Amino acid sequence: MNKSIVLIGFKSVGKTTLGEALAKKLDMHWLDTDILLADKMGCEVRELYLRLGETEFREQEIQVFKDIVMLPNVVISTGGGIVEHSDFKNTVDASSCLTIHMVLDWVEICHRIKENPAFSQGRDLKEIYQHRLGLYQQAADVEIDVSRLKDNHG
Ligand code: S3P
């Protein structure tokens, strides 16, 4: 496939699991912004978030994404907060990738998230989820219900 596929959605919806599976099935390459960011900065993502703070983390994250989104034949799993960067929507619009929002309801997300993520920073996780829903919807070409996806991570 000439164009890339970009998976977006909240933490734990299964962006990594589906990304890997799609890439394998479609004979495409799989890339993950969290993994690329950790490799680039030499630091695990949670640690990096705490060290850089949200604004700088998002700058680094969007840069990694911009570097790969134009590549042909790739499935890209993204970090759940990438939509918070004001350049994200423009970047996907300009790249003609297929952007898929993986939709999962709040109750199921709560079951899957075992510890408070670094990005919540004391804020209410549900409010972050609700705020981001609009951002995911605006950026996505299609939305899919992933409540029946098994072995979800990321
Ligand atoms: C984040 C989600 C994480 C990671 C970072 C910030 C977020 O990725 O990028 O900890 O703000 O939602 P996953 O969605 O893959 O867990």
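Please read all numbers here as calculations on a predicted model, not as lab measurements. When a ligand or atom number is given, it counts from 1 through the structure's own listing order. Values reported hereafter were calculated over all heavy atoms of this structure, with side chains retained and with hydrogens, waters and symmetry mates removed.
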Is it the case that ligand 1 has an N or O less than 3.5 angstrom from some N or O of [X]?
X	value
T78	no
F10	no
Y49	no
R58	yes
D34	yes
G79	no

State whether the number of non-hydrogen atoms from other residues, nucleotides or ligands found under 6.0 Å of R46 atom CZ is greater than 12.
-> yes
Would the number of heavy atoms belonging to other residues, nucleotides or ligands and lying under 6.0 Å from NZ of K24 be above 12?
-> no
Within reach of ligand 1, part of E61 (heavy-atom separation under 4.0 Å) = side chain
Counting heavy atoms under 4.0 Å, the part of R132 that contacts ligand 1 is side chain
Please identify which atoms of ligand 1 are closer than 4.0 Å to at least one heavy atom of K11.
-> 14 (O), 16 (O)
Mind jotting down which residue pairs meet the ring-ring contact (aromatic ring centres under 6.0 Å, His included) criterion with at least one end in residues 49-88? Sequence neighbours excluded, please.
-> Y49-F57, F65-F88
Answer yes or no on whether R132 is positioned over the face of F119, meaning its NZ or CZ is under 6.0 Å from the six-membered ring centre and within 45° of the axis.
-> yes
Any pair counted as side chain to side chain donor-acceptor pair (under 3.5 Å), so long as it reaches residues 94-103, sequence neighbours left out = H101-E143
Looking just at side-chain N and O atoms, do Q60 and E56 make a donor-acceptor pair shorter than 3.5 Å?
-> yes
Kindly determine whether V83 and K89 satisfy side chain to side chain contact (heavy atoms under 4.5 Å, CB included), including the steps that lead there.
-> CA-CA 7 Å; V83 290; K89 184 175 160 30; over 6 Å; no
Heavy-atom contact under 4.0 Å between R46 and ligand 1?
-> no
